[in-house]
> 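Can you keep this structure in mind? I'll have questions shortly.
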Amino acid sequence: MNRYLKPTGRRAVASTENTENQENQQDSPHRLIESRLEKMEELGKSVELYPYSFDRTHTSVQAREAEKELLESEAKVRFPGRIMTKRGTGKTIFVPISDEWGTLQAYFRKDDLGVERFDLIKRLIDIGDWIGVEGKLFLTRTGELTVHVENFTFLSKAIRPLPEKFHDMSLENKSRNRHLDLAMNVESRERFKKRSAMVSAIRAFYAEEEFLEVETPVLQPLYGGATARPFKTHHNALDMTLYMRIADELYLKRLIVGGLERVYEIAKDFRNEGMDRTHNPEFTMLECYAAYWDYEDMMNHTERLIRKLATQFGDEGKLTYGELEMDFNQPFARIRFMDALQEKTGQDLMKLDDSQVADLAKNKGITLKKGMGRDKILDELFSELVEPELIQPTFVMDHPKELSPLAKSHRTAEGLVERFELFVAGFELANSFSELNDPREQRRRFLAQKALIDAGDDEAQPIDEDFLQAMEQGMPPTGGMGMGIDRLIMLLTDSNNIRDVLLFPHMRPLSPQEAQK
RNA sequence: GCGCCACUAGCUCAAUUGGCAGAGCAACUGACUCUUAAUCAGUAGGUUCGGGGUUCGAUUCCCUGGUGGCGUACCA
């Protein structure tokens, strides 16, 4: 395998088995690249291969929008882009050129350009090269808007070929080679531009609601704010272990203690867990905290946010996700965690003792692992029985306490906390609570987590003394909410795999060698 | 983690019960002055993911390793 045309996908494994007898071939480029390098050599004699800029008058979309005036005025346009294909008919060549927004066709004619210039286009300029064309627009016999090229500027050479254009690339190939996916697929470009617009819309919403955008550390001496395994790293100068954040929560709450009353952050979190259709090791999280709010206020806030996004990016406040249709125009359903379980099991689970709950779970086909507490089992039951049916936007409220070490106890219901999760299309989109702000209670919850760690739970949260001290300084009543942005984008773009909404999703290395780099 | 399935030319895919490894696009040579998956004639391109085994013979069957897809577990 040579270094010039690395196969994409799984075949590169073969390269790890290179032995001496193949080393001689290492410097011989792949035939497809060889041909392009030769053309490049020759092309370089007539044109500058890598010029510095190009003055554009119109993008592909602007040219189409101004089509009528441009055809009438016969004004020249200057249009740059990438050559997507070439259709030659002897002494003319049609060349569709793509820019970020679409494609505009260019028409090269031997009589207009002369033998030598025409020959450059015909022989030396390849699909994938960048070029700027200049000329008047006209409509072809079939009505396609086309630049009649009077002059062209070579802009950059592609020595690797583009993928074939009639068939979709595999998800793996797209994910590993995003530049090719973007180059070949307008839908892909549109999807990522949509993601950007959605994140901007979220920021605009937070500005409207008078939240301050802040940034908190990624590298932390202690992780917390969620139940998850962290990534561990090392700071050389300080010779200390650092963790990459699993949640923003504890730092944001310190800002509330400091008197910043409404803060939010949109940032990457990192969790050292499995990868699948809906999980990437690094993912984008929105977290917000508001002083003087409780979870009711936060529920209303969350509903406003989601409805705004559904209105802006959906079809009249409705979204389609695969086979599912969701309507965000009505007030979101609100159900209590225990009520939903009671409806599914026919029993009031608050009245059952621990062993009765365990038996019930077993009857429902849930495999119990040792160390699973009562509340954990309830959570499993909920995931199994209730979650799959939560298609329309639904707030699930008032969860068991053990699973929520940072949430405030429910003001009336014993054993529960003031918490809600928002479910849409079976996804858990948001998680929120009235934030615990009693430092004595918080310390007890941490100690309970510590006991779980000592018992071997590697996802429980360690005691964060700095956070506790901040809270001891006095934290106002606060509502907090977290939302997985990638999943939200999946929902809003009807994407089935998280890799479709991440520009560079984490991929397994192709070979053990590459893994070591 | 676990289970099922897949991996063949640069890309997307074929190959009958185990019997000469093929097509389209891309590439190369040539023809063609409004094409649009341009067309036509020709050429070249392969360690069938790696390693091992069964067999006269393996893309095909078995074992093993890798990567991916889907499902499942943990989670957002």
> Look at the side chain of A:T140 against the base of B:rU35 and say whether a donor-acceptor pair falls under 3.5 Å; ignore hydrogens and angles.
yes

> For the side chain of A:E172 and the base of B:rU67, is some donor closer than 3.5 Å to an acceptor across the two?
no

> Let me see the working for A:K174 and A:D500 under salt bridge (charged side-chain N to carboxylate O under 4.0 Å, His left out), right down to the final yes or no.
CA-CA 9 Å; A:K174 287 185 193 182; A:D500 282 328; 5.4 Å; no

> Show each protein N/O and nucleotides 26-30 of chain B N/O combination with a separation under 3.5 Å, one pair to a line.
| from | atom 1 | to | atom 2 | distance (Å) |
| --- | --- | --- | --- | --- |
| B:rC28 | OP1 | A:K39 | NZ | 2.2 |

> If you look at every strand shown and take non-hydrogen atoms under 4.0 Å, does A:E428 touch a base, only sugar-phosphate, or nothing?
sugar-phosphate

> Could you pick out which residue, A:P163 or A:R271, lies toward the 5' side of RNA chain B when each is mapped onto its nearest nucleotide?
A:P163

> Round to a whole Å and report the spacing from CD1 of A:I93 to C1' of B:rA38.
13 Å

> Which pairs with one or both residues in residues 388-398 of chain A pass salt bridge (Lys or Arg N to Asp or Glu O under 4.0 Å), sequence neighbours excluded?
A:R336-A:D398, A:K344-A:E389

> Counting side-chain heavy atoms from CB outward, which of B:rU33, B:rU35, B:rC11 is closest to A:K91?
B:rU33

> Any N or O donor-acceptor pair under 3.5 Å from the base of B:rC74 to the side chain of A:D276?
yes

> Students often get this wrong, so: under 4.0 angstrom with heavy atoms, is A:F427 touching a base, only sugar-phosphate, or nothing?
nothing

> Could you spell out the base pairing of RNA chain B as a dot-bracket line? Use Watson-Crick and G-U wobble contacts where both distances are under 3.5 Å, [ ] for crossing pairs, | for partners on a different strand.
(((((((..((((.....[..)))).(((((.......))))).....(((((..]....))))))))))))....

> When you compare B:rA37 with B:rA26, how far apart are their P atoms, in angstrom units rounded to a whole number?
12 Å

